Undergrad: 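Below: one structure in structure tokens.
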Amino acid sequence: PVKWKDHQVRLRHLNTNKYLQAVSYEALNEDGHFEEMTRLTTTSNPEDKGTLFTINEINSPRKLLALDKPIMIMHKKVCV
């Protein structure tokens with residue numbers, strides 16, 4: 001179980017046995033400039049880049065996660 005906020009986790013789909021992966025790429029925005037974007041996909045290799053996520057408890061200064069609080073799953077600064 002994940003207890004500390006600074007732990008990173010890999011999220012595995014039970015039926016397909018694939019891992020959630022965040023992939024960063026650059027795309028043109030509406031102004032014609034390149035912007036870094038993130039896309040969620042899956043991978044069969046848990047060691048692939050982008051498979052580690054953090055779990056953050058909303059509005060909590062504590063270091064330990066509580067069981068009865070809402071959480072956010074994040075990769076870098078992107079909320080999933």
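Only this structure's heavy atoms are used, side chains among them; waters, hydrogens and symmetry mates stay out. FYI, the numbering just counts along the sequence from 1. Please read these numbers as outputs of a predicted model, since none were measured by experiment.
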Undergrad: With rounding to the nearest 0.5 angstrom, report the OG1 to NZ distance, T41 to K18.
TA: 8.0 Å
Undergrad: Working to the nearest 0.5 Å, report the span between NE2 of H33 and CD of E26.
TA: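 CD of E26 is found 12.5 Å from NE2 of H33.
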Undergrad: The criterion is salt bridge (charged side-chain N to carboxylate O under 4.0 Å, His left out); which residues satisfy it with E35, sequence neighbours excluded?
TA: none
Undergrad: Which value, rounded to the nearest 0.5 Å, describes the distance between T42 atom OG1 and N17 atom CG?
TA: 11.0 Å
Undergrad: Once side-chain contact (heavy atoms from CB on, under 4.5 Å) is applied, do any residues pair with N45, and if so which ones, sequence neighbours excluded?
TA: T43, E47, D48
Undergrad: Among residues two or more places apart or on two chains, list those pairs meeting ring-ring contact (aromatic ring centres under 6.0 Å, His included) that have a residue in residues 46-71.
TA: F53-H75
Undergrad: Hydrophobic side-chain clustering at under 4.5 Å (ILVMFWY, transitive links): who's grouped with M74? Put none if nobody.
TA: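 Besides M74, the cluster holds I58, M72.
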Undergrad: Applying side-chain contact (heavy atoms from CB on, under 4.5 Å), can you list everything that pairs with N59, at least two apart in sequence or on another chain?
TA: none
Undergrad: Applying side-chain hydrogen bond (donor to acceptor under 3.5 Å, both in side chains), name anything that partners R39, two or more places apart in sequence or on another chain.
TA: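 Once residues adjacent in sequence are excluded, R39 has no partner under the side-chain hydrogen bond (donor to acceptor under 3.5 Å, both in side chains) criterion.
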Undergrad: Test of understanding: with ring pair (Phe, Tyr, Trp, His ring centres under 6.0 Å), list the residues that count as partners of Y19, not counting sequence neighbours.
TA: none
Undergrad: By the rule that ILVMFWY residues connect when side-chain heavy atoms come within less than 4.5 angstrom, directly or transitively, which residues belong alongside Y25?
TA: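 Under the 4.5 Å side-chain rule, Y25 groups with M37.
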Undergrad: Taking only residues two or more places apart in sequence, or in another chain, which ones meet K69 in a side-chain contact (heavy atoms from CB on, under 4.5 Å)?
TA: E57, A66
Undergrad: Taking D31's backbone N and O only, do any of them form a donor-acceptor pair with N29's side chain (distance below 3.5 Å, no angle check)?
TA: yes
Undergrad: I need the R12 CZ to T51 OG1 distance, nearest 0.5 Å.
TA: 13.0 Å
Undergrad: State the CD1-CD distance between I55 and Q8, to the nearest 0.5 angstrom.
TA: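 Output value for this atom pair is 10.5 Å.
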Undergrad: Spell out, yes or no, whether V9 and L65 are grouped together once hydrophobic residues are joined by side-chain heavy atoms under 4.5 Å, including indirect joins.
TA: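 Yes, same cluster.
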Undergrad: With sequence neighbours left out, what residues match H13 under side-chain hydrogen bond (donor to acceptor under 3.5 Å, both in side chains)?
TA: T16
Undergrad: Of all residues at least two apart in sequence or in a different chain, which pass the side-chain contact (heavy atoms from CB on, under 4.5 Å) check with V78?
TA: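 side-chain contact (heavy atoms from CB on, under 4.5 Å) list for V78, sorted by chain: T38.
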Undergrad: Hey, what else clusters with L52 if you join Ile, Leu, Val, Met, Phe, Trp, Tyr whenever side-chain heavy atoms sit under 4.5 Å?
TA: none
